[in-house]
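Report on the structure given below.
All chains are named by letter (A, B, ...) in the order of the sequence lines, taking the proteins before the strands, and each is independently numbered beginning at 1.
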Protein chains: 2
Amino acid sequence: MDRIRVALVDDHHVVRRGVRAFLESFADISVVGEAASAEEAFEKLEPWQADVVLMDLLLPGGMDGISATQRLHELGEKPRVVALTAYMDDARVTAALRAGAIGYVRKDALPEVLLEAVRAAGRGQLFLDSFAAEAVLNDSGVGNELTPREREVLLLVARGMSNRQIADALTVGDETVKSHVTAVLGKLGLSQRGQVALWALKHGWVGLDELVE
Amino acid sequence: MDRIRVALVDDHHVVRRGVRAFLESFADISVVGEAASAEEAFEKLEPWQADVVLMDLLLPGGMDGISATQRLHELGEKPRVVALTAYMDDARVTAALRAGAIGYVRKDALPEVLLEAVRAAGRGQLFLDSFAAEAVLNDSGVGNELTPREREVLLLVARGMSNRQIADALTVGDETVKSHVTAVLGKLGLSQRGQVALWALKHGWVGLDELVE
DNA sequence: CAGAAATTCCCCTGCGCGGGGGATGTCCGC
DNA sequence: GCGGACATCCCCCGCGCAGGGGAATTTCTG
């Protein structure tokens with residue numbers, strides 16, 4: 001049987017080299033390439049001919065790991081995506097799976113779990129580590145009950161804009177914005193707009209870089 | 001010459017295993033232990049007899065990497081600490097160095113840079129990657145012009161507490177808290193208390209876990 | 001078509017908070 | 001001792017915003 005061709009997408013060079021060293025110590029796995037960003041991954045996709053892409057969801061640059069997973073999934077059967085991420089939050093797990101990831105492993109999982117996930121992905125089988133599996137159960141689709149307009153408002157609120165500023169940005173009345181904000185706070189179970197930024201951060205709606213400066 | 005005894009402290013098991021695999025491929029380095037938290041590291045400190053501790057600054061649990069570095073440094077000459085962290089922000093670099101770290105490497109640096117940092121630390125020499133060196137220059141000591149009391153207030157504001165709640169927590173009047181908050185906002189160049197949480201997060205004063213839930 | 005959902009706008013109330021003053025007492029260092 | 005930093009508390013003003021109503025419009029869906 002041919003070896004599983006794995007490509008690594010992670011912005012941390014040290015982590016890539018480390019994971020490569022780990023995975024290549026197994027005879028049935030071959031690491032065929034690395035990329036530090038989603039954009040770089042798509043450039044190198046052709047020569048890789050990878051069976052499995054090990055994708056960090058927290059990526060710098062324009063495209064995050066979820067979007068990249070989505071696009072890879074739309075390309076067809078291969079490569080299959082295994083999400084590898086530091087932080088575990090229920091929403092991100094389900095988001096990754098919705099985007100077409102076939103596996104999900106935390107960076108603090110046992111390395112053997114990662115190995116198993118890669119092998120499962122090579123066989124086309126779903127694999128979630130225990131935390132991810134639990135997350136799927138826990139996740140009540142947080143944020144998904146928001147309407148499109150409410151999501152827009154959410155992002156602007158998270159950026160620290162006032163109702164008036166949001167109203168101008170969306171060219172609607174500030175009373176309208178107030179309605180949306182109230183709806184968002186209610187659906188998210190928050191009581192102050194200041195918490196919205198942290199909520200958005202924790203649930204992967206925005207990155208820290210987008211919020212500060 | 002004896003091999004450099006290195007211990008790894010990082011909450012991501014996959015990363016630990018990977019870095020271990022990478023470092024152990026060099027004959028002059030021996031990885032003598034691993035820990036997933038600062039607390040675990042101090043428990044295992046004795047048997048390790050490590051020359052160098054490779055420390056992730058972003059650690060779960062009660063003690064973060066900065067505090068752990070500080071305590072290790074107070075123990076004496078060894079082990080020396082090399083900080084290894086994902087995010088680069090000027091304040092965190094200088095905080096780590098003030099705490100006694102002898103090296104600083106980003107996870108997205110070339111693995112060879114990490115190798116060089118470990119070897120330099122083994123010789124007792126300072127080593128910063130290019131980004132860290134730049135950070136030292138850039139850092140104007142952000143947040144250091146705050147008084148102790150203002151720092152206390154800062155942390156509570158970041159946690160989303162109201163002036164009244166903070167006043168109760170510190171057993172002072174709410175007018176007093178208002179004065180401190182105003183001072184903090186002024187010194188930090190912010191205009192809304194909601195931005196304080198993000199500022200604190202970005203500059204390493206608190207972790208995301210401490211802020212949400 | 002009928003109903004639901006989404007979006008828009010409006011009224012009112014009360015509190016939190018940012019910005020502007022200032023005052024008092026303590027402690028430390030020059 | 002005298003200045004300066006720090007911490008504490010006080011007053012005023014005005015805006016922003018959460019929470020409570022309601023209502024009109026369009027758009028989607030059954």
message = Measuring from atom CZ of A:R16 to atom CG of A:D11, what distance do you get when rounded to the nearest 0.5 angstrom?
response =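 Taking CZ in A:R16 and CG in A:D11, the distance rounds to 8.0 Å.
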key: Value rounded to 0.5 Å, distance of CG in B:L84 from CZ in B:R106   =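 Here the interatomic distance stands at 11.5 Å.
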Of the listed nucleotides ([options]), which one gets closest to any side-chain atom of [X]?
{"X": "A:E175", "options": "D:dT8, C:dC9, D:dC17", "answer": "C:dC9"}
{"X": "B:T176", "options": "D:dC9, C:dT7, D:dA7", "answer": "D:dC9"}
{"X": "B:V172", "options": "D:dC9, D:dG19, D:dC17", "answer": "D:dC9"}
{"X": "A:K178", "options": "C:dG18, C:dC17, D:dG20", "answer": "D:dG20"}
{"X": "A:R193", "options": "C:dC17, D:dC17, D:dT8", "answer": "D:dC17"}
{"X": "A:R149", "options": "C:dT7, D:dA18, C:dG18", "answer": "C:dT7"}

Given atom [atom1] of [X] and atom [atom2] of [N], what is their separation to the nearest angstrom?
{"X": "B:L156", "N": "C:dG16", "atom1": "CG", "atom2": "C1'", "value": "17 Å"}
{"X": "A:D168", "N": "D:dG16", "atom1": "CG", "atom2": "P", "value": "11 Å"}
{"X": "B:E152", "N": "D:dC6", "atom1": "CD", "atom2": "P", "value": "14 Å"}
{"X": "B:H180", "N": "C:dG19", "atom1": "NE2", "atom2": "P", "value": "17 Å"}
{"X": "B:Q192", "N": "C:dG16", "atom1": "CD", "atom2": "C1'", "value": "13 Å"}
{"X": "B:N163", "N": "D:dA7", "atom1": "CG", "atom2": "C1'", "value": "16 Å"}
{"X": "A:E150", "N": "C:dT7", "atom1": "CD", "atom2": "C1'", "value": "10 Å"}
{"X": "A:Q165", "N": "D:dC15", "atom1": "CD", "atom2": "C1'", "value": "13 Å"}

query = Looking across every strand, which nucleic acid part, if any, lies under 4.0 Å from B:D174 by heavy atom: base, sugar-phosphate, or nothing?
reply =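 Nothing: the residue B:D174, judged by heavy atoms under 4.0 Å, touches no strand.
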key: Residues B:D56, B:K107: salt bridge by 4.0 Å N-O rule   =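 Here B:D56 pairs with B:K107 in a salt bridge, since their nearest N and O are under 4.0 Å apart.
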inquiry  = I'd like to know if B:K178 pairs up with B:E175 as an ion pair, taking the criterion as any Lys NZ or Arg NE/NH1/NH2 lying under 4.0 Å from an Asp or Glu carboxylate oxygen.
reply    =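 Salt bridge flag = no for B:E175 with B:K178.
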Any residue meeting side-chain contact (heavy atoms from CB on, under 4.5 Å) with B:L45, in chain and number order, not counting sequence neighbours =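 Only B:F42, B:W48, B:L72, B:L75, B:P79 meet the side-chain contact (heavy atoms from CB on, under 4.5 Å) criterion with B:L45.
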query = Just to confirm, is there a sub-4.0 Å distance from OP1 or OP2 of D:dA7 to any side-chain nitrogen or oxygen of B:T147?
reply =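 Affirmative; the distance criterion is met.
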query = With distance as the sole criterion, do the side chain of A:S179 and the base of C:dC9 form a donor-acceptor contact below 3.5 Å?
reply =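 Donor-acceptor pair under 3.5 Å: yes.
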